[in-house]
Protein chains: 2
Amino acid sequence: MTIQRKTIVLEKVLEILQHTQNAISVSQLMDKLETIGIRPNKTTLYRLLEKLVSTTDALSITLKNGISYYELRQKRPHHHHFYCTKCDTVFCLGSCHVHTQKIDLTQLLPSPKFTVEAHDFNLYGVCESCR
Amino acid sequence: MTIQRKTIVLEKVLEILQHTQNAISVSQLMDKLETIGIRPNKTTLYRLLEKLVSTTDALSITLKNGISYYELRQKRPHHHHFYCTKCDTVFCLGSCHVHTQKIDLTQLLPSPKFTVEAHDFNLYGVCESCR
DNA sequence: GTGCAAATGCAAATGAGTTGCAATTAAAAT
DNA sequence: ATTTTAATTGCAACTCATTTGCATTTGCAC
Ligand SMILES: [Mn+2]
Ligand SMILES: [Mn+2]
Ligand SMILES: [Zn+2]
Ligand SMILES: [Zn+2]
């Protein structure tokens, strides 16, 4: 373990992740970087995001379109997402209802001997500006 | 629209889908077909499943591993799934808590003007027999 | 039997994501 | 300041589920 090198790409990616309300995909990220004149190699970008996830600075969610979207953990506690099928934007939702409403997942299981390690919950539909 | 042809593959696939408790992937389906001596072309299988889905006889769920799992609609009303990360089995869960507990999704949205068309909810963990 | 749409098979393409490996580069050690 | 070392980058090739094009086969209707 040594000190992680500072890079322009890392800085800009963090900046973009900080300033967006949404979770974003690699291709959306590449597009945003392109608008500020940065065209990173996609392997580099995947590796950077993988590192952010492994250090728990970021998390990724994967939707049923098979695409992963990334966001910084620091921004919000555990919550879920809304995917707009028109504009492909992934909006963050309010606090997870499973936790706020203390929903007992055990009673949904085929057997109480199942161990639940994670859950995901996604809404699909059309966002305000796409209506 | 004409009458759909009967085929051995279709019959056997329906039979397998009928008799399993779980939602199954194309590769799991091919494995099961192979044990009864049927080795269908994978394109054919994909097309068959796509047809079952388009006629609403079946539905597919896609998990964060990027793989789609299929099941017959007639078997159960709307519900969600548990994915065992050890054996890759997708178990069907009890009735959807969003409906049974009348959870108001609107309050989770960034704005009430969002239109929710669908939701999915998946549990990930270890099943009874894999513990 | 003939005609025709449905079904099938094969190879090639797709597309997100990954991997191997060689080339760069920044930081640490000298 | 120069060398050493390890992190970072880029490129091409690869993976793997799924899709597509296209030519061939097969049931069903007449
Ligand atoms: Mn979020
Ligand atoms: Mn099910
Ligand atoms: Zn949650
Ligand atoms: Zn539900």
Side-chain angles (χ1 to χ4, degrees), chain A residues 1-15 23-34 36-55 57-71 81 83 85 88-90 120 122, chain B residues 1-15 22-34 37-55 57-71 81 83 85 88-90 120 122:
Chain A
M1 253 334 113
T2 1
I3 287 165
Q4 183 174 292
R5 253 163 65 195
K6 290 270 165 55
T7 69
I8 300 159
V9 178
L10 172 63
E11 267 174 35
K12 291 298 176 190
V13 165
L14 285 175
E15 207 171 292
I24 55 183
S25 66
V26 168
S27 72
Q28 289 171 340
L29 200 43
M30 295 202 79
D31 289 348
K32 291 209 181 206
L33 287 166
E34 187 149 7
I36 55 171
I38 299 172
R39 205 184 320 286
N41 178 276
K42 82 169 149 55
T43 306
T44 301
L45 204 44
Y46 274 107
R47 288 197 274 232
L48 170 57
L49 290 166
E50 175 191 49
K51 177 166 293 179
L52 289 176
V53 169
S54 73
T55 57
D57 290 314
L59 61 85
S60 77
I61 57 166
T62 305
L63 300 186
K64 65 181 178 196
N65 58 13
I67 297 174
S68 294
Y69 295 79
Y70 299 82
E71 67 183 15
H81 299 86
Y83 176 76
T85 53
D88 298 311
T89 303
V90 175
D120 57 36
N122 306 301
Chain B
M1 265 314 130
T2 0
I3 286 165
Q4 183 173 289
R5 248 163 69 196
K6 289 271 165 53
T7 70
I8 299 160
V9 178
L10 172 63
E11 268 173 36
K12 290 298 176 189
V13 165
L14 285 176
E15 208 171 290
N22 313 321
I24 55 183
S25 66
V26 168
S27 72
Q28 289 170 342
L29 199 43
M30 294 202 80
D31 289 347
K32 291 208 180 206
L33 287 166
E34 186 149 7
I38 298 173
R39 206 182 323 283
N41 178 277
K42 79 172 149 55
T43 305
T44 302
L45 203 45
Y46 274 106
R47 287 197 274 232
L48 171 56
L49 290 167
E50 174 191 50
K51 176 164 293 178
L52 289 176
V53 169
S54 73
T55 56
D57 290 315
L59 61 85
S60 77
I61 58 167
T62 304
L63 299 186
K64 64 181 177 197
N65 58 13
I67 296 174
S68 293
Y69 295 80
Y70 299 82
E71 66 182 16
H81 298 87
Y83 176 75
T85 52
D88 298 312
T89 304
V90 175
D120 59 36
N122 306 302

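Sequence lines set the chain letters: A, B, ... in the order given, protein chains first and strands last, and positions in each chain run from 1.
Rounded to the nearest 0.5 angstrom, B/Arg47 CZ and B/Leu52 CG are separated by 14.0 Å. Atom CD1 of A/Ile24 is separated from atom CD of A/Glu71 by 10.0 Å, given to the nearest 0.5 angstrom.
Between A/Lys51 atom NZ and C/dT18 atom P there is a gap of 15 Å when expressed in whole angstrom units. In this entry the distance linking CG of A/Leu48 with C1' of C/dT18 reads 16 Å, nearest Å. Atom NZ in B/Lys42 sits roughly 12 Å away from atom P in C/dA12 (whole-Å rounding). Residue A/Ile8 contributes atom CD1, which lies 14 Å from atom P of D/dT8 at whole-angstrom precision. The distance from atom CD1 of B/Ile61 to atom P of D/dT18 is 12 Å, rounded to the nearest whole Å. To the nearest angstrom, P of D/dA17 lies 11 Å from CG of B/Asp88. One can place OH of B/Tyr46 at 16 Å from P of C/dT8, the figure rounded to the nearest angstrom. Counting to the nearest Å, the C1' atom of D/dA17 and the CD1 atom of B/Ile24 are 16 Å from each other.
Annotation: A/Lys12, atom NZ; neighbour count of heavy atoms from other residues, nucleotides and ligands within 6.0 Å does not exceed 12.
Counting non-hydrogen atoms under 4.0 angstrom, B/Ser68 reaches the backbone sugars and phosphates but no base.
With distances taken from any side-chain atom of A/Thr7 to the nucleotides D/dT9, C/dA12, C/dT18, the minimum falls on D/dT9. For B/Thr44, the listed nucleotide lying nearest its side chain is C/dG9; candidates were C/dG9, C/dA16, D/dT8.
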Exercise. Show the numbers, then the answer: is there a side chain to side chain donor-acceptor pair (under 3.5 Å) between B/Ser68 and B/Thr62?
Key: CA-CA 4 Å; B/Ser68 293; B/Thr62 304; 3.0 Å; yes

Practice problem: Show your reasoning for whether side chain to side chain contact (heavy atoms under 4.5 Å, CB included) applies to B/Val90 and B/Asn122. | Solution: CA-CA 10 Å; B/Val90 175; B/Asn122 306 302; over 6 Å; no

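For A/Tyr83, the side chain to side chain donor-acceptor pair (under 3.5 Å) criterion is met by A/Asn65, A/Asp88, not counting sequence neighbours.
Although no hydrogens or angles enter the test, the distance criterion places no donor-acceptor pair under 3.5 Å between the side chain of A/Thr44 and the main chain of A/Pro40.
When the nearest nucleotides of DNA chain D are assigned to A/Arg39 and B/Tyr69 by heavy-atom distance, the more 5′-ward of the two goes with A/Arg39.
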Short N/O separations, protein against nucleotides 19-21 of chain C, under 3.5 angstrom:
residue: C/dT19; atom: O4; partner: A/Thr43; partner atom: OG1; Å: 3.3

